[in-house]
Trainee: 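After the structure tokens below, expect a handful of questions from me.
Note on naming: letters A, B, ... go to the chains in the order of the sequence lines (proteins, then strands), and numbering restarts at 1 for each one.
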Amino acid sequence: MTDWLSKLNDQQRKAATHVEGPLFVVAGAGTGKTRTLTTRVAYLIEQAGISPESILAVTFTNKAAREMKERIIDMAGPHAVKTWIYTFHAFGVQVLREFIDRLNQGYKKNFNIIDEDDAKAIIRDLIKSQNLDNKQYKVNDIRNKISDYKYFKEDKFDDYHERNIYQLYQKNLVENNLLDFDDLQVLTHELLLTDEVTRTYYQNKFQYILVDEFQDTDHIQYEIIKLLGMKHRNVFVVGDPDQSIYGFRGADYNNANKFMKDFGNQVVLDLNYRSTTHILSYANRLIKRNQNRPFEKDLKSNLGDGIEPVIWSAQSDFNEANMVANEIKRLVSDYHYNYEDIAILYRNNALSRTFEDTMMKHNIPYVMYGGISFYQRKEIKDVLAYIRVLLNPNLDFYFKRIINVPKRAIGPTSVQKLEAKAKELKISMFEAIDHIDFSGKAKDALHEFKSLILEMSDKLNYMESLEEIVMYVAYHSGYIAMLEEEKDDISEDRIDNIKELKSVFVQGEQFYEGNFVERLQQLLDQIALYSDLDKADDRNAIKLSTFHQVKGLEFKVVFMTVMEDEIFPSPLSTFDPKDLEEERRIAYVGVTRAKERLYLTRSESRLLYGNWMNPSPSRFLKEMRPVQEVFTSRKFESSPTQKNTTFLNAGDKVNHIVFGEGIVVGVEDGIATIAFKMPHGIKKLLENHPSIKKI
DNA sequence: AATATCAACGTTTTT
DNA sequence: CGTTGATATT
């Protein structure tokens, strides 16, 4: 029973056996934070006799939530399944499904959840329907402003039209009973804050609250935790402010300070079980440069000195990738490494290309993280839209998506007419089919479509298991036939994806309880929140990934590539020391992924956006290296290859009349490439243009 | 409604 | 340089 306690070190055990009162566990990279957190849940259930349903554990990813649940059940037994273990968003769904009508904002408990692509699609349609110039009114811009407004109460709308789009967007969501990802947090918070019934219910229910990856919480998530925990005050959070790399999305590592003020009590885990001393010394030296650290700590290793990390320079981006590939082959053939032990990491996805091509050429098996995720795929969203419509044909949002997929001769004009009619009679588009006042082909097609929906919907009502749904819908709607007709490689993949979706439903059958519709609804909720299919990645292949996407993972061998000042730190981050510190944390996360070998590579020239650049080495390299001089000279000298024959040089700071402050990324043939602050971004300008002043 | 052509753009993204 | 999204063309 206490077997799992004996596997912890003293620091960890102290945290895991902490029962009453708050605790902040400052857990450095590789110090066993998740193990500590799960062990504490098991301890609460097994030793302290707390009932699982009064424990809430919150994480950020579905994967983390699932793994945590499995481990807790392993340790504490099957009844631990009742523990509330959710992502912040999935927790919001639980609360809102129960109480959202108490907000009196028009939402009903059977809301559906839309993802970012859906939200953008709605905004795109609104821009079009308002006859606005899509060059001036950009979907992504407006999406961000809407989010800022909803989530941070910051009004960044430029004019009446933008504000109007926000209002129409919000109206659209409420009318269709849809929630976007922001709503799942904002409304949960609002409910807990303003509605006493909801608040007391959950405050009483959750005697113990645990939060994983606390450094990634944003202000609303913090407030949710605070509201939930203020009664019993048994709030236990685990995190590492030094690994906070999602500040750009609102994560605020200063929640650590808020927690200490509101709750107090901390313990530090700094014994690292992952990396060798040499690797940790790189990490420690680097992160020391950050001024803003709620908790200072040095990670200590018990794995010995190990192998000194290396810094390699290549002549070109192509050479850099080749160098990495050759080293990977050497590690696999001459040492004990498998491909799966190795990761190539870079700052942004655009950099993956060279590496991907090179790995292919060298016949090195690889998997790439990132790209379009499973549930974002068109065919998956289409099939899911069908299923939602079959459950409730009045969901206009999903109805519109499938009305002419596959083609049924119901073109945009007919859809518009139908939509107008529905609006006029205040009914759904589906119901409006019976009231249309136009004739001909379109009318017949619409009625035919209606019969099809009714027929399929009827069939769905007689189903007993989730297993049958996907293929029934995919075939009966004509979707598969449409794909088969296309007959190219892509459509074959799409059919495979639909089959994969079927297996998701088959798996779902084991997880969910209740009658058929209830189980189906739970599965659809889960899917709405899942970004990716987590297929077991057991292929023996190296990983290509951004730094962000490997947080929480570890590899025996890590290549941190493109360590160049024009890329990493990103030039856009060098204006604000706060942004630069976040870049440094990203690098810190990279270094601390490595268990045995760390390679830091860069190139002296690189083709970027069609221009040749001569990037200087990343300042982080100097900061990491065990050389004393680094600490005396903070300013980075410009690259020696740069001659002062031009007006501007890479690294110069400039001021532009329109774009404001910027930093020169490169100069060629009198054209300077300059990175300006958002929203201007990277511009190419004549270097001696009078609008630019060197500062 | 499918295809061609052109201009714009270009961090990171757990949900 | 490549990709993407919005137009123009049959």
Trainee: Among dC1(C), dT11(B), dT12(B), which is the nearest nucleotide to the side chain of Ile586(A)?
Mentor: dT12(B)
Trainee: Would you mind reading off the distance between Ile127(A) atom CD1 and dA6(C) atom C1', rounded to a whole angstrom?
Mentor: 13 Å
Trainee: Starting at the 5' end of DNA chain B, which residue's closest nucleotide do you reach first, Asn349(A) or Lys407(A)?
Mentor: Lys407(A)
Trainee: With sugar-phosphate meaning primed atoms plus P, OP1 and OP2, does Tyr246(A) contact a base, only sugar-phosphate, or nothing at under 4.0 Å between heavy atoms?
Mentor: base
Trainee: Is the phosphate of dT7(C), meaning OP1 or OP2, less than 4.0 Å from a side-chain N or O of Asn134(A)?
Mentor: yes
Trainee: Would you kindly give the CG-to-C1' distance between Asp133(A) and dA7(B), to the nearest whole Å?
Mentor: 14 Å
Trainee: Does any part of the side chain of Glu583(A), heavy atoms only, come nearer than 4.5 Å to the side chain of Phe620(A), both counted from C-beta?
Mentor: yes
Trainee: Side-chain polar contacts of residues 92-100 of chain A - donor-acceptor pairs under 3.5 angstrom, sequence neighbours left out - could you list them?
Mentor:
from: Arg97(A); atom 1: NE; to: Asp525(A); atom 2: OD2; distance (Å): 2.9
from: Arg97(A); atom 1: NH1; to: Lys109(A); atom 2: O; distance (Å): 2.7
from: Arg97(A); atom 1: NH1; to: Phe111(A); atom 2: O; distance (Å): 3.0
from: Arg97(A); atom 1: NH2; to: Phe111(A); atom 2: O; distance (Å): 3.0
from: Arg97(A); atom 1: NH2; to: Asp525(A); atom 2: OD1; distance (Å): 2.6
from: Arg97(A); atom 1: NH2; to: Asp525(A); atom 2: OD2; distance (Å): 3.2

Trainee: What is the distance, rounded to the nearest whole Å, between atom CZ of Phe60(A) and atom C1' of dT14(B)?
Mentor: 8 Å
Trainee: Looking at Lys138(A), does any N or O in its side chain come under 4.0 Å of the phosphate oxygens OP1/OP2 on dC9(B)?
Mentor: yes
Trainee: Check whether any side-chain nitrogen or oxygen of Tyr369(A) sits under 4.0 Å from OP1 or OP2 of dT14(B), and answer yes or no.
Mentor: no
Trainee: At under 4.0 Å between heavy atoms, what does Arg585(A) touch on the DNA or RNA strands: base, sugar-phosphate, or nothing?
Mentor: nothing
Trainee: When the C1' atoms of dG5(C) and dT12(B) are considered, how many whole Å apart are they?
Mentor: 23 Å
Trainee: Could you list the residues that satisfy salt bridge (charged side-chain N to carboxylate O under 4.0 Å, His left out) with Glu581(A), not counting sequence neighbours?
Mentor: none
Trainee: Could you measure between the two C1' atoms, the one in dA6(C) and the one in dT11(B), and give it in whole Å?
Mentor: 25 Å
Trainee: Distance check, P atoms only: dT13(B) and dT4(C), in whole angstrom units.
Mentor: 16 Å
Trainee: Within the stacking criterion (centroid distance below 5.5 Å, interplanar angle below 30°), does Phe248(A) stack on dT12(B)?
Mentor: yes
Trainee: Would you say Phe555(A) and Ile344(A) make side-chain contact, with heavy atoms under 4.5 Å?
Mentor: no
Trainee: Can you tell me if Arg606(A) touches the phosphate of dC1(C), counting only side-chain N or O atoms and a distance under 4.0 Å to OP1 or OP2?
Mentor: no
Trainee: Taking OP1 and OP2 of dT13(B), is either one under 4.0 Å from a side-chain nitrogen or oxygen of Thr546(A)?
Mentor: yes
Trainee: From CG of Leu345(A) over to C1' of dT11(B), roughly how many Å is that when rounded to an integer?
Mentor: 16 Å
Trainee: Mind checking side chain to side chain contact (heavy atoms under 4.5 Å, CB included) for Ala283(A) and listing every partner two or more places apart, or none if nothing turns up?
Mentor: Tyr588(A), Val591(A), Thr592(A)
Trainee: Rounded to whole angstrom units, what separation is found between the OH atom of Tyr609(A) and the C1' atom of dT11(B)?
Mentor: 8 Å
Trainee: Give a yes or no on whether a salt bridge exists between Lys150(A) and Asp182(A), defined as a side-chain N under 4.0 angstrom from a carboxylate O.
Mentor: no
Trainee: Among dT11(B), dT15(B), dC1(C), find the nucleotide with the atom closest to the side chain of Glu583(A).
Mentor: dT11(B)
Trainee: From dT14(B), dT15(B), dT12(B), pick the nucleotide closest to the side chain of Lys551(A)?
Mentor: dT14(B)
Trainee: Mind calculating the distance between CD (Gln549(A)) and C1' (dT12(B)) to the nearest angstrom?
Mentor: 9 Å
Trainee: Which one, dT15(B), dT11(B), dT12(B), comes nearest to the side chain of Ser570(A)?
Mentor: dT11(B)
Trainee: Please list each protein N or O that sits under 3.5 Å from an N or O in nucleotides 8-10 of chain C, with the distance.
Mentor:
none

Trainee: Could you check if a side-chain atom of Phe259(A) sits within less than 4.5 angstrom of a side-chain atom of Tyr222(A), using non-hydrogen atoms only?
Mentor: yes
Trainee: Just the rounded figure in Å: distance from P of dT15(B) to CD of Gln526(A).
Mentor: 10 Å
Trainee: Who passes salt bridge (charged side-chain N to carboxylate O under 4.0 Å, His left out) against Asp218(A), sequence neighbours left out?
Mentor: none
Trainee: Using the test side chain to side chain contact (heavy atoms under 4.5 Å, CB included), find all partners of Ala27(A) that sit at least two apart in sequence or belong to another chain.
Mentor: Val25(A), Thr31(A), Lys33(A), Val238(A), Leu269(A)
Trainee: When the distance from CG of Asp216(A) to C1' of dT14(B) is rounded to whole Å, what number comes out?
Mentor: 8 Å
